[in-house]
> 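My questions all concern the structure below.
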Amino acid sequence: LQYDGLRGIAVLIVLLSHTSAREQDLFFWNFHGIGKVGVYLFFVLSAFLLTSIVLRKGRSFNGTSHYISTPDSNSLDTNGNAITLEAWVKPQDCTGTGDGRQTILTKSSAYYLNLENTTCKPAFYWYGINPAGYHTADTAVPLNTWSYVVATYDGQAVSIYIDGKLNKTVGATGTGTINTESLRIGGFNSSARNLNGYLDEVKISNVARTAEEIAESYRMGRDHYLNKTITSTDLSGKSSLPFYIAADRPGSYLSATVG
């Protein structure tokens with residue numbers, strides 16, 4: 001059974017407990033007094049469910065044949081004067097198939113965001129802008145660690161950001177190429193530039209996002225992860241269960257006790 005199904009059973013236990021009177025049987029069973037078990041079961045399963053959602057993050061790519069391809073659409077194009085390409089990436093090595101680069105996302109003969117061969121330095125290329133060719137970050141992203149990589153072009157410069165901080169800026173001009181090629185993620189095809197690792201939150205914008213916006217996106221994504229061990233608590237001797245719901249205002253929260 002999935003966690004949601006088990007939580008449904010927990011809710012049913014609570015309802016049956018309230019439906020059964022102390023001395024009255026329901027369907028030949030007396031459920032009075034077991035509601036507390038249902039409440040505990042519901043919250044414990046909810047914690048497991050939320051933890052699994054937070055920790056299970058990203059799409060894996062095997063480094064040899066995996067890639068995602070989606071047909072062209074207008075939503076994948078810009079006016080040629082500005083663009084932002086971004087993704088969370090967790091590489092497991094620095095050598096892809098084919099020429100060794102690893103694709104984060106690309107539209108062939110238009111725009112590319114890759115990790116460079118042997119170095120894992122993020123690199124951006126957009127046909128039509130000058131100077132032509134790949135514009136490569138000065139710093140590599142680490143292996144087996146999530147990094148937030150962003151490349152922008154605003155008509156005046158190409159900028160590459162790593163983990164919310166500007167890493168490289170190169171003066172550039174021109175109009176970027178727009179075409180009808182498919183969008184590919186995690187590989188150029190089934191045997192070229194295949195990424196060995198994980199990708200998440202791959203995005204394309206038709207504007208050059210600002211440094212402040214990129215830094216804020218990094219903070220939001222970074223804080224989405226749980227980076228500490230969650231210890232268990234023995235509830236067998238408890239008669240009530242407190243929980244807290246955070247509010248938007250700092251230092252403010254709603255508290256309640258069940259039981």
Side-chain angles (χ1 to χ4, degrees), residues 1-5 45-73 75-76 84-108 110-125 134 136-137 139-151 160-165 167 181-205 214 217-230:
L1 291 175
Q2 298 295 319
Y3 287 135
D4 281 335
L45 290 172
S46 295
F48 276 109
L49 179 64
L50 291 172
T51 301
S52 66
I53 290 172
V54 171
L55 294 180
R56 189 178 64 249
K57 187 175 176 68
R59 168 65 156 84
S60 64
F61 296 83
N62 65 4
T64 57
S65 60
H66 285 179
Y67 76 106
I68 297 171
S69 178
T70 185
D72 176 61
S73 72
S75 63
L76 301 176
T84 299
L85 306 179
E86 60 186 286
W88 284 85
V89 58
K90 183 181 179 181
Q92 294 184 312
D93 65 45
C94 291
T95 302
T97 49
D99 65 4
R101 291 188 173 100
Q102 297 187 84
T103 295
I104 296 176
L105 74 153
T106 184
K107 287 193 74 178
S108 180
Y111 50 75
Y112 300 75
L113 181 60
N114 298 329
L115 297 181
E116 284 292 271
N117 181 28
T118 72
T119 67
C120 275
K121 292 180 178 180
F124 169 79
Y125 190 160
Y134 277 99
T136 305
T139 305
V141 298
L143 298 180
N144 302 308
T145 301
W146 284 105
S147 297
Y148 179 50
V149 174
V150 182
I160 299 177
Y161 298 78
I162 300 176
D163 288 345
K165 297 180 180 180
N167 185 268
E181 292 285 339
S182 61
L183 176 71
R184 299 161 194 176
I185 299 171
F188 189 77
N189 54 41
S190 61
S191 60
R193 297 185 177 180
N194 301 105
L195 174 77
N196 183 15
Y198 299 83
L199 289 173
D200 196 30
E201 299 183 34
V202 178
K203 298 178 184 178
I204 303 168
S205 305
I214 293 168
S217 292
Y218 167 68
R219 289 190 293 268
M220 292 177 63
R222 175 198 62 193
D223 296 338
H224 182 80
Y225 296 95
L226 291 178
N227 292 314
K228 63 181 181 179
T229 301
I230 301 175

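Any value given below was found using the heavy atoms of this structure, including those in side chains, with hydrogens, waters and symmetry copies removed. Not measured: the values here are computed from a predicted model.
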> Tell me the closest heavy-atom pair linking Phe188 and Ser108, and the distance in Å.
CZ-OG, 3.5 Å
> List the steps and the verdict of side-chain hydrogen bond (donor to acceptor under 3.5 Å, both in side chains) for Arg184 and Ser182.
CA-CA 6 Å; Arg184 299 161 194 176; Ser182 61; 3.2 Å; yes
> To the nearest 0.5 Å, what is the distance between CZ (Phe124) and CD1 (Ile160)?
8.0 Å
> Closer than 4.0 angstrom, basic N to acidic O: yes or no for Asp200 and Arg59?
no
> Please check this pair: side chain of Asn194 against backbone of Asn189, looking for a donor-acceptor N/O pair closer than 3.5 Å.
yes
> Should the pair Lys165-Asp163 be classified as a salt bridge under the 4.0 Å nitrogen-to-oxygen rule?
no
> Can you tell me how far the CG atom of Leu183 sits from the CG atom of Leu105, to the nearest 0.5 Å?
6.0 Å
> Can you tell which of Asp99, Thr97, Thr106 makes a side chain to side chain donor-acceptor pair (under 3.5 Å) with Arg193?
Asp99
> Identify the heavy atoms of Ala137 and Ile162 that sit nearest to each other, and give their distance.
CB-CD1, 4.2 Å
> Please name the pair of heavy atoms, one in Pro71 and one in Leu76, separated by the smallest distance, quoted to 0.1 Å.
O-CD1, 3.7 Å
> Is it true that the NZ or CZ of Arg101 lies under 6.0 Å from the centre of Tyr134's six-membered ring and within 45 degrees of the ring axis?
yes
> Look up atom OG1 in Thr139 and atom CG in Asn167, then write down how far apart they are to the nearest 0.5 Å.
4.0 Å
> For Thr136 versus Ala123, what's the shortest heavy-atom pair and its separation?
OG1-CB, 3.7 Å
> Could you state the interatomic distance from CD (Gln92) to OH (Tyr198), rounded to the nearest 0.5 Å?
5.0 Å
> What's the separation between atom OG in Ser60 and atom NZ in Lys90, rounded to the nearest 0.5 Å?
11.0 Å
> Between Trp146 and Trp88, what is the ring plane arrangement, given parallel below 30°, perpendicular above 60°, and tilted in between?
perpendicular
> Taking all heavy atoms of Pro122 and all of Val141, pick out the closest pair and write down the distance.
CG-CG1, 3.9 Å
> Yes or no on side-chain contact (heavy atoms from CB on, under 4.5 Å) for Glu86 and Ser205, after CA distance, side-chain angles and deciding distance?
CA-CA 9 Å; Glu86 60 186 286; Ser205 305; 4.2 Å; yes
> Rounded to the nearest 0.5 Å, how far does OG of Ser147 lie from CG of Leu115?
9.0 Å
> Keeping the roles fixed (side chain from Thr145, backbone from Leu143), state whether a donor-acceptor pair exists under 3.5 Å.
yes
> So, for Asn196 and Gln102, which heavy atoms are closest and what is the spacing to 0.1 Å?
N-OE1, 2.8 Å
